[in-house]
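From a predicted model like this one, the values you see are computed outputs, not experimental measurements. Just so it is clear: chains get the letters A, B, ... in the order the sequence lines come, proteins before strands, and each one is counted from 1.
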Number of protein chains: 2
Amino acid sequence: MSKGPGGHEPDHGDHTHPEVSGADASVEGVLAVMREHGGRVTSSRRILLGALFATREHRTAEELTAAVQAQLPDVHPSTIYRNLDELERLGVVVHSHIGHGPATYHLAASAHGHLVCEVCGSTVDVADTMFSGLARQAKADHGFTIDPHHFAVPGRCANCG
Amino acid sequence: MSKGPGGHEPDHGDHTHPEVSGADASVEGVLAVMREHGGRVTSSRRILLGALFATREHRTAEELTAAVQAQLPDVHPSTIYRNLDELERLGVVVHSHIGHGPATYHLAASAHGHLVCEVCGSTVDVADTMFSGLARQAKADHGFTIDPHHFAVPGRCANCG
DNA sequence: CTCTATGCAAATCTTTTGCACGAAC
DNA sequence: GTTCGTGCAAAAGATTTGCATAGAG
């Protein structure tokens with residue numbers, strides 16, 4: 001959690017932010033973009049973005065809903081889905097389907113791949129360079145440009161393999 | 001329900017299996033394996049396998065159900081799911097999750113990866129060899145064994161790139 | 001005030017499961 | 001005759017949508 005000096009509680013209902021730090025700045029930035037696009041800035045959106053920026057890992061809609069509800073109990077899952085949809089339309093988040101189970105969402109800005117263990121569910125972050133060979137070959141053989149920001153590879157990790 | 005002697009095959013009338021053609025031989029081979037494992041040989045299983053061997057492309061459970069129902073109208077989708085499950089357990093078929101939408105199934109023998117265009121939704125089948133570099137590197141750097149048949153690589157195809 | 005976002009319930013869509021009956025061996 | 005497979009209905013899990021209203025600008 002990136003709390004600024006002195007700050008400790010996230011819910012300051014109607015409080016102007018004099019200085020925001022790290023992730024908070026990004027959250028406000030995205031909210032500004034949403035407002036520019038005719039959208040409104042709401043608490044659920046601010047908290048959802050906070051959750052997305054807090055951990056750059058993959059999280060399901062259900063997990064994100066729980067995270068938001070921890071601060072705003074009455075937020076409905078459909079609101080999370082609608083907001084994730086909107087954020088995806090704006091290019092802020094992307095989602096992937098990893099093996100079975102629900103889709104996972106994460107920031108589009110986190111440009112790294114993930115290896116996801118199908119057995120224990122653990123994830124390993126890997127550099128984009130790991131996909132450079134695949135990218136080159138896909139381009140050469142099929143004219144296909146792979147998306148390095150939207151990548152989750154299932155398999156078995158060192159412990160479960 | 002069983003066709004047995006006197007039944008009708010769409011492709012040929014002679015089916016006393018002195019020399020069955022390619023796919024049919026494989027279908028009967030798989031059925032033999034199922035019987036060895038204590039399973040029964042049923043019409044729906046034979047027709048489902050026929051559909052899988054007929055086109056080696058990936059097909060959804062719904063498409064496969066329709067294909068089977070074309071010859072056996074009363075087959076229930078749940079039967080298809082159960083049979084696909086069993087075939088997967090035997091290693092005959094595998095399934096992948098391509099972008100949104102339902103899972104797609106295909107023969108394990110024709111295992112291949114998928115490139116999915118994020119713009120037009122088209123898919124490109126690619127040889128396993130395309131993932132060998134990635135597989136080796138994931139193994140070496142992280143002890144991770146990737147499963148190249150269980151996911152799709154997103155990106156932009158030659159037309160949309 | 002105007003228009004968007006939300007909560008809620010119900011609908012969709014895909015896949016799974018319990019149960020009784022019929023088929024394969 | 002015993003065991004397995006199937007049809008049917010209903011459930012389960014994830015996501016979407018219609019609608020009235022609360023809330024942002």
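- Atom CG of A:Leu115 sits about 11.5 Å away from atom NZ of B:Lys139, to the nearest 0.5 Å.
- Under the 4.5 Å side-chain heavy-atom criterion for grouping Ile, Leu, Val, Met, Phe, Trp and Tyr, A:Tyr105 is not connected to A:Val33 through any hydrophobic cluster.
- When rounded to the nearest whole Å, the span between CD1 of B:Ile80 and P of D:dG5 equals 14 Å.
- One interatomic measurement links the two molecules: NE2 of A:His95 to C1' of D:dT16, which rounds to 13 Å at whole-angstrom precision.
- With rounding to the nearest 0.5 angstrom, the CE atom of A:Met34 is 4.0 Å from the CZ atom of A:Arg45.
- For the atom pair A:Thr104 OG1 and A:Glu62 CD, the distance stands at 13.5 Å (nearest 0.5 Å).
- Within residues 32-40 of chain A, the residues having any heavy atom closer than 4.0 Å to DNA chain D are, in order of number, A:Arg35, A:Arg40.
- Note on B:Ser44: every side-chain N or O is 4.0 Å or more away from OP1 and OP2 of D:dG5.
- Atom CG in A:Leu90 sits roughly 15 Å away from atom P in C:dT4 (whole-Å rounding).
- One finds a side-chain N or O of A:Thr79 lying less than 4.0 angstrom from the OP1 or OP2 phosphate oxygen of C:dG7.
- Evaluation of the side chain to side chain contact (heavy atoms under 4.5 Å, CB included) rule for A:Ile47 yields A:Val68, A:Gln71, A:Leu72 as partners, not counting sequence neighbours.
- The structure places OG of A:Ser44 at 6.0 Å from CD1 of A:Ile80, a figure rounded to the nearest 0.5 Å.
- Residue contacts for A:Asn83: at a heavy-atom cut-off of 4.0 Å it reaches the sugar-phosphate backbone alone, with no base atom in range.
- Remark: A:Leu31 CG to A:Leu49 CG distance equals 5.5 Å, nearest 0.5 Å.
- In this structure, of C:dT14, D:dT16, D:dT6, it is D:dT16 that holds the atom nearest to the side chain of A:Tyr81.
- Atom NE2 of A:His58 is separated from atom CG of A:Leu64 by 11.5 Å, given to the nearest 0.5 angstrom.
- As rounded to whole Å, 12 Å separates atom C1' of D:dG7 from atom CD of B:Gln69.
- If you measure from atom CG of B:Leu31 to atom P of D:dC4, you get 18 Å, rounded to the nearest angstrom.
- If you take CZ of A:Arg46 and C1' of D:dG23, they are 14 Å apart, rounded to a whole angstrom.
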Below 3.5 Å is the cut-off: list the nitrogen or oxygen pairs between protein and nucleotides 8-11 of chain C, distance only.
unit_1 : atom_1 : unit_2  : atom_2 : d
C:dC8  : N4     : A:Arg82 : NH2    : 3.4

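- Rounded to whole angstrom, the span from the CD atom of A:Glu63 across to the P atom of D:dA14 amounts to 11 Å.
- A salt bridge between B:Arg46 and B:Glu28 is present, with a side-chain N of the basic residue lying under 4.0 Å from a carboxylate O of the acidic one.
- Between the CG atom of A:Leu84 and the P atom of D:dT15 there is a distance of 10 Å, rounded to whole Å.
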